[in-house]
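Below is one structure; the comments refer to it alone.
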Amino acid sequence: MGATVYVITGATGSLGRLAVEALLERVPAAEVRATGRRVDTLDDLAARGVDVRRADYDDPASLAAALDGATRVLFVSGSDAGARLDQHRRVVEALAAAGVELVGYTSILHAQTSDMLLATEHAATERMLADAGVPHVLLRNGWYTENFLASLAADVEHGIVGASGDGRFDAATRADYAEAAVVALTGGAAPGDVLELGGPGFTRAELAAEIGRAAGREVPYTDLSVDGFREALVGAGLPEAFAAVLADSDRGAAAGWLTAPGDDLARLLGRPATPWTEVVDAAVRDVVTPV
């Protein structure tokens, strides 16, 4: 029996790259294959002995070559919302043809029961994996803590708006999700496991309060209707379709779809998830001078 070949798809993205780094802390570089569309961004990994190959979810031939000889694969979901079904179908077909031993798929919390727009493609992909007979673990990730900090300076200046009411976001850092995925892939999970992953969460009002505390000024949270939030996002320059998805996600949070039952993330990590307050406080220090 040859050495295990671990493949990370989407390694040119933030989550995939973090997963490669976490994997390299556990297995030799010779057992790691990093794949993605923009392989020129992976030259440093190749220099460290990682097998780098192009894998484009729109190109079946590239997927076949990237997965040739693969043993265990982290299948990072595509980022092209609305186009992912066809892309993911190509990936699942390539995984089945490669006869991989285990796949970890990065899904979304409560994928099969959530009525959020973003859950639709993930739920369909989960069913594809099952129907194809691919041994898999479902890594149902919550929101990234970093996503809430993209407009931090403006939030401090003008306050935060949303449509999530008292709904909680059981978010965690990308690094924590990446590490958990690698743990699952390297023996921490078995085919058929469904892992609902998220850290101790917060409401948007709690997020605003913490940002304000760290910045030394009041940061209010204004709760809008879903349509009002969508319109605010469009007014801020977001495309209509993307704004609709984000507003719908706040509706989903209000309905409880972005909370993680149990402690799957902490169990995989072997430690508590990185506290969201630490992430927020560090981000505030980077962009805001407290008063």
Side-chain angles (χ1 to χ4, degrees), residues 10 13-23 25-26 74 76-77 79 104-114 116 118-119 122 137-152 155 160 162 164-186 188-189 193-214 219 221 246 249-286:
S14 299
L15 181 67
R17 178 59 185 243
L18 287 167
V20 173
E21 296 293 348
L23 185 58
E25 294 180 2
R26 290 166 173 78
L74 177 60
V76 177
S77 58
S79 57
Y105 171 64
T106 60
S107 188
I108 192 173
L109 286 168
H110 309 287
Q112 293 298 327
T113 50
S114 173
M116 285 173 48
L118 277 178
H122 289 294
V137 172
L138 298 177
L139 303 163
R140 290 180 173 169
N141 291 344
W143 259 215
Y144 302 142
T145 308
E146 295 92 338
N147 285 356
F148 294 90
L149 306 174
S151 57
L152 187 56
D155 291 341
I160 293 175
S164 53
D166 293 328
R168 302 190 71 78
F169 297 86
D170 283 355
T173 63
R174 283 188 180 88
D176 278 355
Y177 286 128
E179 182 179 341
V182 166
V183 171
L185 209 61
T186 56
D193 284 353
V194 178
L195 304 169
E196 303 276 358
L197 304 175
F202 49 85
T203 66
R204 281 197 185 274
E206 290 169 343
L207 175 66
E210 182 61 25
I211 292 173
R213 187 199 64 75
V219 176
Y221 168 61
L246 292 182
S249 297
D250 260 38
R251 178 197 61 79
W257 293 124
L258 290 176
T259 59
D263 62 350
D264 286 343
L265 181 59
R267 181 174 54 79
L268 283 174
L269 294 174
R271 58 171 173 80
T274 305
W276 66 271
T277 51
E278 289 185 7
V279 180
V280 168
D281 293 356
V284 170
R285 285 195 299 271
D286 284 343

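All of these numbers come straight from a predicted model, not from anything done at the bench. Side chains are part of it too, since the values below use all heavy atoms of this structure and drop only hydrogens, waters and symmetry mates.
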May I ask you to test the [X]-[Y] pair for a side-chain heavy-atom distance under 4.5 Å?
X: Thr259; Y: Glu196; result: no
X: Glu146; Y: Thr173; result: yes
X: Leu195; Y: Arg267; result: yes
X: Glu206; Y: Tyr221; result: no
X: Asp176; Y: Thr145; result: no
X: Arg213; Y: Thr277; result: no
X: Leu74; Y: Leu139; result: yes
X: His110; Y: Arg140; result: no

If you compare all heavy atoms of [X] against all heavy atoms of [Y], which two are closest, and at what distance to 0.1 Å?
X: Leu185; Y: Gly104; value: CD1-N, 3.8 Å
X: Leu258; Y: Ser249; value: CD1-O, 3.8 Å
X: Pro200; Y: Ala273; value: CD-CB, 4.4 Å
X: Leu15; Y: Tyr177; value: CD1-CB, 4.1 Å
X: Leu265; Y: Ala180; value: CD1-CB, 3.6 Å
X: Leu149; Y: Ala283; value: CD1-CB, 3.7 Å

- Message: Is there a side-chain contact (heavy atoms from CB on, under 4.5 Å) between Ser114 and Leu109? Walk through the geometry before answering.
- Response: CA-CA 8 Å; Ser114 173; Leu109 286 168; over 6 Å; no
- Query: Going by distance alone, is a donor N or O of one side chain under 3.5 Å from an acceptor N or O of the other, for Asn141 and Thr106?
  - Reply: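 Per modelled atom types, Asn141 and Thr106 side chains form no pair under 3.5 Å.
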- Crowding at CG, Asp166 (>12 non-hydrogen neighbours, <6.0 Å):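 Counting other residues, nucleotides and ligands, CG of Asp166 stays at 12 neighbours or fewer.
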- Candidates Phe169, Phe202, Trp143 - the one meeting ring-ring contact (aromatic ring centres under 6.0 Å, His included) with Trp276: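 That would be Phe202; it is the only one of Phe169, Phe202, Trp143 passing the ring-ring contact (aromatic ring centres under 6.0 Å, His included) with Trp276.
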- Message: I'd like to know if Glu179 pairs up with Arg26 as an ion pair, taking the criterion as any Lys NZ or Arg NE/NH1/NH2 lying under 4.0 Å from an Asp or Glu carboxylate oxygen.
- Response: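 Looking at Glu179 and Arg26, the cut-off is met.
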- Query: Distance from Phe148 atom CZ to Arg204 atom CZ, nearest 0.5 Å?
  - Reply: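 Answer for the CZ-CZ pair, Phe148 versus Arg204, is 5.5 Å.
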- Message: Among Leu197, Leu269, Asp193, Val194, which residue satisfies the side-chain contact (heavy atoms from CB on, under 4.5 Å) criterion with Asp264?
- Response: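 Exactly one candidate clears the test, Leu197.
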- For Ser164, does its backbone N or O pair with a side-chain atom of Asp250 as donor and acceptor, under 3.5 Å?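 Side chain of Asp250 to backbone of Ser164, a donor-acceptor pair under 3.5 Å: yes, one is there.
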